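Below is one structure; the comments refer to it alone.
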Amino acid sequence: MECLYWVLGFLLLAARLPLDAARRFRDVLGSDRQPGYTREHNQLRGWSSDENDWDEKLYPVWKRGDARWKSSWKGGRVQAVLTSDSPALVGSNITFAVNLVFPRCQKEDANGNIVYEKNCRNDSTLSPDLYVYNWTAAWSEDSDPGTGPAGHHVFPDGKPFPRPHGWRKWNFVYVFHTLGQYFQKLGRCSVRISVNTANLTLGPQVMEVTVYRRHGWAYVPIAHVRDVYVVTDQIPVFVTMFQKNDRNVSDETFLRDLPIMFDVLIHDPSHFLNESSIYYKWNFGDNTGLFVSNNHTLNHTYVLNGTFNLNLTVQASVPGPCPSPSALPKPTPSSVPAGDNPMELSEIPDEKCQINRYGYFEATLKIVEGILEINVVQTADVPRPALQPDSVLMEFTVVCEGIVPREVCTIISDPTCLLAQEMVCNSVHVDETCLVTVRRAFKEAGMYCVNFTLSDDTSLALTSTMVSIAGKDAASSFTTVSAALVSGGCLAIVVIVTAILVHRKHKEYKPIKDSAEEVVKCKGLHVVLNHTKAVFFPGNQEKNPLLKDHSGIP
């Protein structure tokens, strides 16, 4: 009897060995677990549990540092770049994109083959062959035996490939893995997938992707990548701020008595909130009260100097199914403002509910005095100087409102005011009344646009005027302006040719950046995402942004 027990125990142990030896998706993907990781997650639609078996014979598994990685691709290593449109509001879709970056001089052609680029820089290490991988020829030689789960046109879990039109041009297998689940996709050198976040766990999560390439009747791993994404129950809100004459839009310092334009950008790439009613509640911190609007833009003017705390609350009513009474949250004290409970519900017809979601933005603004407005009030001819008998000297009188400027700059351009031909900047010293006189010499007849800027540390104001020059020799070429004369108030005019030369030597004049390049003020999720990535995966300021054209200025 004892011998019988021993035999039965041996048989049971032998029967269990294959099960223990079989690799599962969780063994191949996501081997690095972070503290606090749990396997209890809601099921994602179209995804499978990583408890399923992995076909290691068809899809070999190499650990990090395995020497076989070095020869997994001809000509070098392939890099996979994983991006997402995170952060995503719960209930919306989040999209992940993977792009393969091949070694230098390699690309994917229209048939899905990997070829060497024409006219690539000469390199003795490059192969003279046209193809890196000619999968078209491989497909023609493949009689496609066993197209079912027993064949080789299957994913790591044995499921057969989808076969839409042109599927034979897809020679890469992508395996996505997150929250204890995986998704398999056949594709080319770039793929995208979208996941609905209704069942995703709130907070930062990790998405991992392993990429395989076709290799005869098997597949070879070529890249592995992972990235952090965030699912939140708060609306991701970004705010841009713009003010005329503000010299630096990124320092949160603005000018008194000039309107600031606030533009709210809601991060909603899947257009989840398109059918929602959205309201913006503004408190500018200057005792002007609460402003409520359904417009994402708003202008506000601060009339006092000082520091002010800006607060914005964005509310959106999102249609959704009504939860059961037992699932409704119990009222509890909260620091969230009254009426801003993110799970606040209100019934609507057809057994639907509106779930109120909220987003928040805060900023501390510093309001200071600055140059508010400048104008050219007079343009007059000046008798030609003895040293420049062939030049025409013009005098421009510029006045301004607001604080006294420290610097004046002029640019002579073509009549379109776009192609700059000559630029001069000088320090000015004016009395309490802002009155600046600028003299410029011209040697060629014609119509010109003359741009003026007055600036101090925080503000910069611009104006332009047109001037017609009648010279003796209209056909002569335009040469460098030989002198620029600047005076402040009643001060005498001083020759500053040396100042021009010094300025050109030590200053690089940069153009005003496009409005699309304005700094976006982002509080909260964007910063959290950057810090989270660090946990999971252990310039120069413009001085005088005028209209400079590099092709027109030496």
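Worth saying up front: this structure is predicted, and the values here are computed from it rather than measured. For the numbers below, each heavy atom of this structure counts, side chains included, while hydrogens, waters and symmetry mates do not.
Shown here for Val318 and Ser276, the closest heavy-atom pair between the two residues is CA-OG, 3.9 Å. Taking all atoms of both residues into account, the shortest heavy-atom contact from Met207 to Trp47 is CE-CH2, 3.7 Å. Counting all heavy atoms, side chain and backbone alike, Asp457 lies closest to Arg406 at OD2-NH1, 3.1 Å.
The number of heavy atoms from other shown groups lying within 6.0 Å of CG (Asn287) does not exceed 12. Within a 6.0 Å sphere centred on OH of Tyr279, heavy atoms belonging to other residues, nucleotides or ligands number 12 at most. Remark: Gln79 CD is loosely packed, at most 12 non-hydrogen atoms of other residues, nucleotides or ligands lying under 6.0 Å away.
Looking only at side-chain heavy atoms (C-beta outward), Pro405 and Cys434 come within less than 4.5 Å of each other. Side-chain contact between Ile266 and Phe272 is absent, with no heavy-atom pair separated by less than 4.5 Å. Side chains of Leu200 and Gln205 form no contact here, defined as non-hydrogen atoms less than 4.5 Å apart. When side chains are defined from C-beta on, Arg440 counts as touching Val424, because their heavy atoms get closer than 4.5 Å. No side-chain heavy atom of Thr83 sits less than 4.5 Å from a side-chain heavy atom of Asp227. Leu89 places a side-chain heavy atom less than 4.5 Å from the side chain of Leu273. Proximity of Thr458 to Asn248: side-chain heavy atoms (C-beta onward) are nowhere separated by under 4.5 Å. Looking only at side-chain heavy atoms (C-beta outward), Phe242 and Asp263 stay at 4.5 Å or farther from each other.
Of the N and O atoms on the side chains of Thr416 and Asp414, at least one donor lies less than 3.5 Å from an acceptor on the other residue.
Ring-centre distance between Trp282 and Tyr280: not below the 6.0 Å cut-off. For Phe176 and Phe96, the ring centers are positioned 6.0 Å apart or more.
Separating the CG atom in Leu304 from the CG atom in Asp257 is a distance of 8.5 Å, to the nearest 0.5 Å.
Classified by interplanar angle (parallel below 30°, tilted 30° to 60°, perpendicular above 60°), the ring pair His300/Tyr302 is perpendicular.
Just one residue in the list Thr253, Asn299, Leu255 forms a side-chain contact (heavy atoms from CB on, under 4.5 Å) with Gln243, and that residue is Leu255.
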